[in-house]
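As a basis for the values below, the full set of heavy atoms in this structure was taken, side chains included, without hydrogen atoms, waters or symmetry mates. By convention in this document, chain letters (A, B, ...) are assigned in the order of the sequence lines, proteins followed by strands, and residues within each chain are numbered from 1. As the structure is a computational prediction, the values presented were derived from the model and not from experiment.
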Amino acid sequence: MKEQIIQAIAEAMQQLSSDGKIQGEFTGEAQVTRCKDPTHGDYASNIAMAYAKKISLAPRQLAELLSDQLNTHKLFEKVEIAGPGFINFFIAQKNHTRVINNILSEKNNFGNNKDGHGQSIQLEYVSANPTGPLHVGHGRGAAYGATLANLYKANGYQVHREYYVNDAGRQMDILATSVWLRYLELCGTEFTFPSNAYKGDYIWDIAATAHRTHANKYLVDPASFRETLPKDEPEGGDKEAYIDALIAVAKDKLGPQGYTAFFDLAIDTILTDIKDDLHLFGVDYEQWYSERSLFKSNKIDNVIEKLKASNHVYEKNGALWFASSKLGDEKDRVVVRDNGQPTYFASDIAYHVDKFSQGYSKIINIWGADHHGYIARVRAALKALDLDDSKLDILLVQFANLYRGNVKQQMSTRSGEFVTLRALRKEVGSDAARFFYVMRKSEQHLDFDLELATSTSNENPMYYVQYAHARICSVLRQSEQALNRESLDDLENLLSQDSEHSLMQKLTDYPELIATSCKKQSPHLVVNYLRELAQKFHGYYNETQFLVDSQELRNARLLLIESTRQVLANGLTILGVNAPDKM
RNA sequence: GCGCCUGUAGCUCAACUGGAUAGAGCAUCGCCCUUCUAAGGCGGGGGUUGCAGGUUCGACUCCUGCCGGGCGCACCA
């Protein structure tokens, strides 16, 4: 609809200039916006104010020329001038009711477009370290990423969703060692658990599995190594050095095979849990990309060789440094430590190089806000390797703080004191959680109050939208006549109330909303839209009886609310939220 | 100190990337169920958009400077 108006304005401007009424030729595009105030019509344009200066006319003069020209257009009922030179458009009623036909024809596809035709997008999100269950902080990235993926699909893009699994490195060793130590306790030995190990209950569970499988096969008396260890932090030592020493002990005592057994058991258990958890949250992936696979396929070595070949690295203090400060980063970064181990950054470079080799039109990473310091170095690496870093979009999602009433909840995986995503889903349900997470724009800090979301769940705005859907379903169930779409021509006369007009306006906006919220990567706009649509419906419901005696009128109203139901369902599908038939 | 995000009604947030009288929900006050789901609707009260300048027909939005909040500045992942 908006496009048609923009088109009409452009034509009118060209007509005016070829008639010699205005100077020069019109270039550019008119800006058209939806009016808030119904007395201003359906749409308004500021074209007269924006363009008048260029052709040295008063805005109102240009507006008058334009409105004379446009008043004859069949799209409009009338065109008026207001204020300093706004042009207000009143859409002909016939063009309002047309949206009903469109929705009922296109059904689930209404609102979709082909903007992204032929383009593919790789979307990486969540990618939390598999050192424990997902907590509520991860939930936001999951909901945001999944919704964004749906939006891109609705806009015609091919979407490849990916989870990068950090299954290599020291954190994994700490995890494996934590499990082994708990296993030793289950075997009946006594050993003070390290302050820097993973303390969550899930470690006990994994250790119990190990004990069931292997019995006492990997039992080692702590007395045999206790004396060789440095002091842990509570005893005045260094917790990092202490845990490193324990990792070494674990590797030594267990041997490669035994250590791998614990390592693999730990990561497999946790990863399975994460996959299951996300799946139940409606969050799925095309690919789970393993960091370890980068080592096995030598992709990390290859990338380091390339950096060496292009003179972007140098040695200092026994380590290999990447000169990222020359490419926009604030300082240089280590890629290989003095002990010969590549850093996490090194595998991250290799991973991104691999992403770029797949030929996607666009690559999107969704990261937590705490990773923003990382952006510059990744971009620097891409530049150093001659890759077009403008293809990469890094979207930061601000923190979600979890409150229970006024008490802020901890979210540290290491300490084991956190609320899991799984627990959250159980408390508030997947639908409410998905809805709540994307309700705010991603750059906004999100306070997630569990007490509010659970104890007073009726106040949750999600119910408001779902309720509208269920209400419509209920009315349609009770209507005994089948919807008749043959009489669509009469709709313009039958649906003439203000509430109907305003509902149709809102429905007309939906396709544009899907396009905009995708372009702006802002799922929260979908939430806002659905709340507004539901609000208009609830108002209509209270004001108007649908199941009236007149078959014609009843049919017209039912066609309108069925269209509304369809759009509510389409929008909720984008959000990954159910549209219930009854509540 | 530097960088990213942020400051709008009592609270939580919008505002169609510069448009008309800044809007919703919660909370509060008053109405509406013998009628299709009251998890709903209608109405009232509540604002110097952190502060001070600037840009222009027009600023919550853009620019500059302050003030406040969050996060990040590792040979950690």
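In this model, a side-chain donor or acceptor of H372(A) finds a partner on the base of rG3(B) within 3.5 Å.
Where stacking is scored as ring centres under 5.5 Å apart with planes under 30°, F86(A) registers as stacked on the base of rA20(B).
Regarding R333(A), its CZ atom lies at a distance of 12 Å from the C1' atom of rC75(B), rounded to whole Å. In this entry the distance linking CZ of R292(A) with P of rA77(B) reads 16 Å, nearest Å. For the pair E330(A) CD and rC4(B) P, the computed distance is 10 Å after rounding to whole Å. Look at CG on L530(A): it is 18 Å from P on rC16(B), rounded to the nearest Å. The distance between atom CE of M583(A) and atom P of rG40(B), rounded to the nearest whole Å, is 9 Å. The separation between Q466(A) atom CD and rA39(B) atom C1' is 10 Å, rounded to whole Å. Rounded to whole angstrom, the span from the CD atom of Q398(A) across to the C1' atom of rG69(B) amounts to 12 Å. Rounded to a whole Å, the CG atom of N88(A) is 9 Å from the C1' atom of rA20(B).
Screening V335(A), D348(A), I300(A) for a side-chain contact (heavy atoms from CB on, under 4.5 Å) with P342(A), the sole residue that qualifies is I300(A).
Phosphate contact (OP1/OP2 of rC57(B), side-chain N/O of R60(A), threshold under 4.0 Å): absent.
Here rC71(B) sits opposite rG3(B) as a Watson-Crick or G-U wobble pair (both hydrogen-bonding atom distances under 3.5 Å).
Along RNA chain B, the nucleotide closest to D37(A) and the one closest to R34(A) are compared, and the more 5′ of them pairs with R34(A).
Within the 4.0 angstrom heavy-atom criterion, no nucleotide atom of any strand lies near A468(A).
Using a 3.5 Å distance cut-off with no hydrogens or angles, the side chains of E240(A) and N196(A) do pair a donor with an acceptor.
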